[in-house]
Amino acid sequence: MAKAVSVRGLTKAFGARTVLDGIDLEVEPGEFVALLGRSGCGKSTLLRILAGLDRDVEGEAEVPGTVSIAFQQPRLLPWRKVWRNISLGLHRPDGRAIALKALEEVRLTDHADAWPLTLSGGEAQRVSLARALVREPDVLLLDEPFGALDALTRLAMHHLVEDLWIRHKPAVLLVTHDVDEALLLADRILVLDEGRIVATHHVDLPRPRRRASVVEQRTRVLADLGVDVEEAA
Amino acid sequence: MTLSIAGVATRPKTATPVQTRKFTLPLRWISPVALVLLWQLASSTGVLSPDKLASPLTVAQSAGELIADGQLVEAFAVSITRVFFGFLIGGFAGVVLGLVSGLSRWGETLLDPPVQMLRTLPHLGLIPLFILWFGIGEEPKLALVAAGVAFPLYLNLHAGIRQTDPGLVEAARVLGYSRIERVVHVVLPSAVPQTLVGLRIAFGTAWLSLIVAEQINADAGLGFLINNAREFLRTDVVVVGLVVYALLGLTTDALVRLLERRILRWQKR
């Protein structure tokens with residue numbers, strides 16, 4: 001079966017600074033992969049390359065299927081109503097019906113005719129997710145989509161994303177610097193540091209996962225990030 | 001002269017809360033009304049001679065007469081027609097040039113440098129050339145209004161397009177928008193607020209250009225009415241003409257504000 005994402009020897013430099021340094025990565029269809037790392041480790045750059053937003057690279061990055069993306073900021077068009085934000089670019093005559101169905105999945109049907117600027121941060125991010133999913137992507141790229149949300153909203157969003165992923169089964173690449181988020185959601189965690197994948201963790205815990213169930217593995221992942229939990233505590 | 005226009009260039013901030021408005025609006029009228037009363041007092045007591053400035057009552061009376069005998073309406077119609085067609089020509093030029101230079105790299109490379117150089121010319125200084133080129137009929141007046149309108153529209157439309165959030169364009173690209181859809185749904189709407197600012201400035205310069213153009217040579221219109229009155233020392237008629245100019249400026253400004261509220265209703269207020 002073809003891979004959802006295959007990356008070989010991917011290198012990206014901005015001037016003298018190498019951001020990605022020979023990345024090899026394969027993602028199975030329907031697999032949930034988290035890219036974990038500190039700011040500046042190159043994880044967002046990798047995502048931008050996979051989204052086709054940055055083509056000036058060395059090496060290969062192939063994404064054969066359709067790609068969709070949700071960013072840290074919702075990036076909705078403030079001058080188009082919520083439902084139009086979802087249906088625009090779909091090129092389907094039944095755009096509104098499709099948009100309404102997508103809004104139902106993120107429980108925002110009531111806001112279909114609202115202006116995006118009237119939404120809360122969490123609501124706007126849910127619209128952004130609905131907009132990404134309605135394209136039925138083979139690969140869903142999530143660039144720290146919960147980074148700007150408050151802790152409570154973030155918890156609700158984790159469940160929502162897991163639900164949506166189980167229902168639609170795209171391959172997901174989630175960029176995050178939140179270890180717990182990665183452990184709660186991902187099948188596989190890749191730890192990035194200075195443009196390289198320095199560690200891979202398979203998370204075989206049953207879903208839905210609880211915080212307590214991930215504690216043991218958390219320590220090991222944090223160690224790969226250079227954080228000694230015992231010492232920090 | 002440009003200073004007074006720059007004063008209205010900023011877009012209105014968030015509306016004052018209703019309660020304060022209710023309270024302060026009558027208060028704000030105290031000093032203007034007092035000034036008019038003072039003016040009337042100075043005229044009635046002879047401190048202010050009618051040769052320098054007619055009294056408010058005389059001005060009001062003359063306004064009534066000028067309306068009754070149709071002079072004012074005729075002058076008004078002539079002037080407003082000049083602004084209308086001048087605005088049409090200048091607006092078309094400003095918008096077309098702004099779109100070409102905002103949306104295409106080549107357009108910008110070729111168009112923007114000359115336009116940016118020309119805009120530093122005070123367009124009212126072009127009158128001698130315009131008279132030589134177009135004679136002394138309607139054409140130089142239209143050309144002056146058009147020049148006054150084209151530049152602010154071009155500059156603000158161009159700037160508005162350039163200010164488009166690249167994040168939104170990126171998102172649209174990944175989400176499968178075609179190039180035309182990116183322009184129609186992302187780039188142009190994000191340029192609208194700035195373009196409306198340009199539209200308000202353009203109306204301001206349009207009236208200003210008209211007033212100046214009508215001072216030079218005119219055999220009809222508000223400027224003619226004023227200049228004619230000057231020769232007969234009729235300061236009352238001069239003031240009537242000025243008031244009409246002011247009201248016209250206020251009206252177009254209010255129209256653009258109305259348009260802003262309608263078009264920009266997606267903005268959080």
Side-chain angles (χ1 to χ4, degrees), chain A residues 44 47-55 63 65-82 84-92 95 99 102 113-120 124-125 127-137 139-143 145 148 173, chain B residues 11-15 17 95 98-99 102-103 105 156-199 256-269:
Chain A
S44 287
L47 217 61
R48 290 176 56 83
I49 293 168
L50 294 178
L53 290 171
D54 194 341
R55 295 180 196 281
V63 186
T66 53
V67 180
S68 201
I69 193 164
F71 301 90
Q72 181 170 8
Q73 299 302 323
R75 301 200 189 178
L76 304 176
L77 302 176
W79 41 79
R80 294 285 181 265
K81 297 214 163 143
V82 165
R84 288 273 280 160
N85 263 284
I86 293 175
S87 68
L88 270 171
L90 272 179
H91 310 118
R92 297 268 295 265
D113 290 304
W115 297 110
L117 289 180
T118 63
L119 302 178
S120 71
Q125 203 54 274
V127 174
S128 165
L129 268 182
R131 179 178 67 176
L133 280 168
V134 83
R135 285 156 168 77
E136 293 173 4
V139 178
L140 175 62
L141 305 172
L142 301 175
D143 189 2
L173 261 168
Chain B
R11 292 202 10 253
K13 299 267 181 284
T14 343
V95 169
L99 284 178
L103 294 176
R105 211 156 292 260
N156 284 282
L157 177 56
H158 177 258
I161 290 176
R162 291 287 145 194
Q163 280 161 14
T164 306
D165 177 1
L168 290 181
V169 180
E170 267 181 17
R173 187 173 297 159
V174 183
L175 294 167
Y177 288 40
S178 65
R179 177 167 161 76
I180 290 172
E181 282 175 321
R182 289 205 295 274
V183 170
V184 171
H185 297 295
V186 186
V187 177
L188 292 184
S190 75
V192 164
Q194 187 68 40
T195 308
L196 286 170
V197 173
L199 188 64
V256 180
R257 277 167 194 257
L258 204 73
L259 199 68
E260 266 182 0
R261 266 202 293 280
R262 173 96 189 102
I263 297 180
L264 302 182
R265 62 195 192 286
W266 51 267
Q267 284 183 343
K268 210 174 187 175
R269 301 225 174 211

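Chain A is the first sequence line, chain B the second, and so forth, proteins listed ahead of strands; every chain is numbered from 1.
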**Report entry** Heavy-atom proximity to chain B below 4.5 Å, by part of A:Leu90
**Finding:** neither

Query raised in the report: Measuring heavy-atom distances to chain B, does A:Arg80 have an atom under 4.5 Å in its side chain, in its backbone, in both, or in neither?
Result: side chain

Report summary line: Within residues 159-169 of chain B, contacts to chain A at heavy-atom distances under 4.5 Å involve B:Gly167, B:Leu168

**Report entry** Heavy-atom closest contact (B:His185 atom, A:Leu77 atom, distance)
**Finding:**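 Shortest heavy-atom contact: O-CD1, 3.5 Å.
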
Using a 3.5 Å cut-off and no angle test, enumerate the donor-acceptor pairs between side-chain atoms of residues 171-180 of chain B and protein atoms at least two apart in sequence or in another chain.
residue, atom, partner, partner atom, Å
B:Ser178, OG, B:Glu181, N, 3.2
B:Ser178, OG, B:Glu181, OE1, 3.4

Query raised in the report: Hey, which of A:Thr66, A:Leu88, A:Ile69, A:Val67 has the most heavy atom pairs under 4.5 Å with chain B?
Result: A:Leu88

**Report entry** Top of A:Pro78, A:Ser68, A:Ala132, A:Ala70 for chain B proximity - count of heavy-atom pairs under 4.5 angstrom
**Finding:**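 Top option by heavy-atom pairs under 4.5 Å: A:Pro78.
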
Query raised in the report: Do the non-hydrogen side-chain atoms of B:Trp266 and A:Pro116 ever get within less than 4.5 Å of each other?
Result: no

